[in-house]
Amino acid sequence: MADDDTLLKPAAKAKATRPPLYKVILLNDDFTPRDFVTRVLKSVFRMGESDALGVMLTAHRLGASVVAVFTREVAEDKAAQANEMGAAEGYPLTFTTEKE
């Protein structure tokens, strides 16, 4: 049997799976000024004024608000950046992450 007679089967395609997503959550506190929270949301999460205000007010009314959804690494990095901005100004501003 010659090499020409050998049938080559195509390699099975690996099914790509999406990485799990994580929510960044803003927790309300009674000490961080509202304008500072909206400034952090605009800076770290690239939100417009109205979106940042909406997220901040939702957290104020409900105690917490989902800011955005990212891959784990991005969510953790953005939450850390936002927390550091609050800490640098002496505020207890807190962002957490949670698997979606």
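All values reported here derive from a predicted model rather than from experimental measurement.
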What heavy-atom pair brings Ala59 and Asn28 nearest, and what distance separates the two atoms?
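Distance-wise, the nearest heavy atoms are O-CB, 3.1 Å.
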Per the side-chain hydrogen bond (donor to acceptor under 3.5 Å, both in side chains) rule, what does the pair list look like for residues 83-95, sequence neighbours excluded?
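Matches after skipping sequence neighbours: none remain.
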Please output the side-chain donor-acceptor pairs of residues 61-77 that fall under 3.5 Å, not counting sequence neighbours, one pair per line with the distance.
unit_1: Arg72; atom_1: NE; unit_2: Glu76; atom_2: OE2; d: 3.1
unit_1: Asp77; atom_1: OD2; unit_2: Gln81; atom_2: NE2; d: 2.9

Value rounded to 0.5 Å, distance of [atom1] in [X] from [atom2] in [Y]:
{"X": "Asp29", "Y": "Leu93", "atom1": "CG", "atom2": "CG", "answer": "6.5 Å"}
{"X": "Leu21", "Y": "Thr97", "atom1": "CG", "atom2": "OG1", "answer": "12.5 Å"}
{"X": "Phe95", "Y": "Ile25", "atom1": "CZ", "atom2": "CD1", "answer": "11.0 Å"}

Please tabulate, for the side chains in residues 37-57, all donor-acceptor contacts under 3.5 angstrom to protein atoms that are two or more places apart in sequence or on a different chain.
unit_1: Thr38; atom_1: OG1; unit_2: Arg34; atom_2: O; d: 3.4
unit_1: Thr38; atom_1: OG1; unit_2: Asp35; atom_2: O; d: 2.9
unit_1: Lys42; atom_1: NZ; unit_2: Glu49; atom_2: OE1; d: 2.6
unit_1: Arg46; atom_1: NH1; unit_2: Ser43; atom_2: O; d: 2.7

Just jot down the salt bridge (charged side-chain N to carboxylate O under 4.0 Å, His left out) partners of Lys23, sequence neighbours excluded, or say none.
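Listed in chain order: Glu98.
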